[in-house]
There are 2 protein chains.
Amino acid sequence: MPAVPAAQQRPADGGIRRRRAGRPSSAVLDKAGITAAALELVSRKGYDGLTMAALAKELDVAPSALYNHVTSKQDVLLLVEDHLMSLVDVSGFGTGTWEEAVRRWAWSYRDVFAEHTPLIPVIAVLPVTDAPQTLAMYETVSKGFLDAGFPPEQIIPAIVALESFIFGSAYDVTAPADIFDSGTMAESTPHFTAAVRDAAAGAGRGRPADTAFSLGLDALVSGLGVLRRANPME
Amino acid sequence: MPAVPAAQQRPADGGIRRRRAGRPSSAVLDKAGITAAALELVSRKGYDGLTMAALAKELDVAPSALYNHVTSKQDVLLLVEDHLMSLVDVSGFGTGTWEEAVRRWAWSYRDVFAEHTPLIPVIAVLPVTDAPQTLAMYETVSKGFLDAGFPPEQIIPAIVALESFIFGSAYDVTAPADIFDSGTMAESTPHFTAAVRDAAAGAGRGRPADTAFSLGLDALVSGLGVLRRANPME
DNA sequence: ACCACTAAATGAATGCCATTCATTTATAAG
DNA sequence: CTTATAAATGAATGGCATTCATTTAGTGGT
């Protein structure tokens, strides 16, 4: 029984020395720690900087050690994705009106994933089964739609339609400001060029992406809202 | 002056021999050929199979030769993306009503990119400047919106909102059928689980993605449609 | 007709990346 | 106490985009 537990051993050198091989006395890694380190890494270096090697270094561990806790890099992305879902604001459901709740949810959902667009392809194919936070969000939103009088069989399609708009809009946030600059070909695209100019002049306040998101969200909310109480009950 | 041009030389061996080093008599590669080969490769092996090495092999060329014509793989994706834009059906604009034209455009746009979702992140950041087909599509659609009575400064935001929905919906098409299977956690998410069941029962005909897309598109078309003629003129 | 320049190919690196495997050590179970 | 399992290391492995030196063929200028 040594006086100093092995986990704390960092002798008189500068902390440069690596851990010796073999199972450590207390586990260094777990999923929560990996998730946190991945998020930290992403916020510091972006998704290009999120490599298994960099993640291992962040956790002061050999890259291969990660594979005792996750089966692949995709698995890490899944952990991050599920964590982010817990940041989406669903607090409107149950307190305010359906419209207000959906708007708050949609804006927050878009804002969260605008910072994490590389995860969007992951989500799209992700089975919800092993993503508890994601499941929790869907549960709250589903209940909100049901309570608002949506016909049960339309709830999922309505949520999916909103989500599709949200994911697409998240990409839009990251677009460069001059994305619609038609350059040398401006003469051959007069209507488009004029429309771009007018849009820039019209919506001076706020990001262009916000203008489009607001416009589309209004349309979706009012368009989907008419489905409510289409059933005789309540 | 040789009787047989060098470009045709494929001697008595099985055609296995490689081209000898140095500039060939007539150019082997150009952007159109690279684009076509990339599309062929993608349709045969998917986007995972689209590597610079595989593309080179498809064109019977050394990988490094590609870099005389494109600056990066991103550049290849850009060529493919612009080509796909020419496949989007804008024929409704100018012939039918605005609503019909938008619907046809949106469905076709979604269908094209549902087969090419890995390009969506590319499009989102792509400056339109060096994408002539893309620019042509925007020109036609912009004119269609203008002729339909949209206020000029709202045309681009409306198109962007629709596009965001379209891109998100394209991902949705590729989602596995059981994506919403809540598995062992079904008990803790009763409303969501019921909604998924009811949705499956309700919309038996057609893919689930089509139901959601149809619903969202209806909402957007009617919601955006009210913007028309909001200006006093015409 | 010659010469320099540029365009377009080859083939051999380079460096990064995710992943696997053999090995080592510690803990837990029977 | 013995055996199995969990969790770490470190050394491959194979694939990938990209770069570079080299070779050859057209092109433009004098």
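The chains referred to below are lettered A, B, ... by the order of the sequence lines, with proteins before strands, and numbering in each begins at 1. This is a predicted model, so every value here is computed, not measured.
Atom CG in Leu59(A) sits roughly 11 Å away from atom P in dT9(D) (whole-Å rounding). For the pair Ile34(A) CD1 and dA18(C) P, the computed distance is 14 Å after rounding to whole Å. Put simply, CE on Met52(B) is 21 Å from P on dA13(C), counting in whole angstrom units. Atom P of nucleotide dA18(C) and atom CG of Leu50(A) are separated by 8 Å, given to the nearest angstrom. A straight line from NZ of Lys57(B) to P of dG15(D) spans 11 Å, rounded to a whole angstrom.
Listed in residue order, the members of residues 67-79 of chain A having a heavy atom less than 4.0 Å from DNA chain D are Asn68(A), His69(A). For DNA chain D, none of the residues of residues 36-47 of chain A falls under the heavy-atom distance limit of 4.0 Å.
Residue Leu29(B) places its side chain closer to dA9(C) than to any other of dT20(C), dT24(D), dA9(C). Taking every side-chain heavy atom of Ala27(A) into account, dA8(D) is the closest of dT9(D), dG11(C), dA8(D). Of the candidate nucleotides dA17(D), dA11(D), dA26(C), dA26(C) has the atom lying nearest to any side-chain atom of Arg23(A).
Residue Arg19(A) places at least one side-chain N or O closer than 4.0 Å to OP1 or OP2 of dT9(D). Considering only side-chain N and O atoms, Arg20(B) lies nowhere under 4.0 angstrom from the phosphate OP1 or OP2 of dT22(D).
Note that CE of Met85(B) is 10.5 Å distant from CD of Gln133(B), once rounded to the nearest 0.5 Å. With values rounded to the nearest 0.5 angstrom, Ser142(B) atom OG is found 9.5 Å from Leu135(B) atom CG. We find the CE-CG distance between Met137(A) and Asp89(A) to be 11.5 Å, quoted to the nearest 0.5 Å.
A salt bridge links Arg44(A) and Glu58(A); the closest N-O separation between the charged side-chain nitrogens and carboxylate oxygens is under 4.0 Å. Between Arg110(A) and Asp210(A), at least one side-chain N (NZ, or NE/NH1/NH2) sits under 4.0 Å from a carboxylate O, which counts as a salt bridge.
Within the nucleic acid shown, Ala65(B) comes within 4.0 Å of at least one base atom, counting heavy atoms only. Nucleic acid contact for Thr51(B): sugar-phosphate only, since backbone atoms but no base atoms lie under 4.0 Å from a heavy atom of the residue.
With hydrogens and angles disregarded, a donor-acceptor distance shorter than 3.5 Å links the side chain of Ser188(A) to the backbone of Met185(A). Side-chain N or O atoms of Ser182(B) include none that pairs as donor or acceptor with a backbone N or O of Thr193(B) at under 3.5 Å. Asp82(B) places no side-chain N or O within donor-acceptor distance of the main-chain N or O of Leu78(B), the cut-off being under 3.5 Å.
Using modelled atom types, one finds no donor on one side chain facing an acceptor on the other under 3.5 Å when comparing His191(A) with Tyr138(B).
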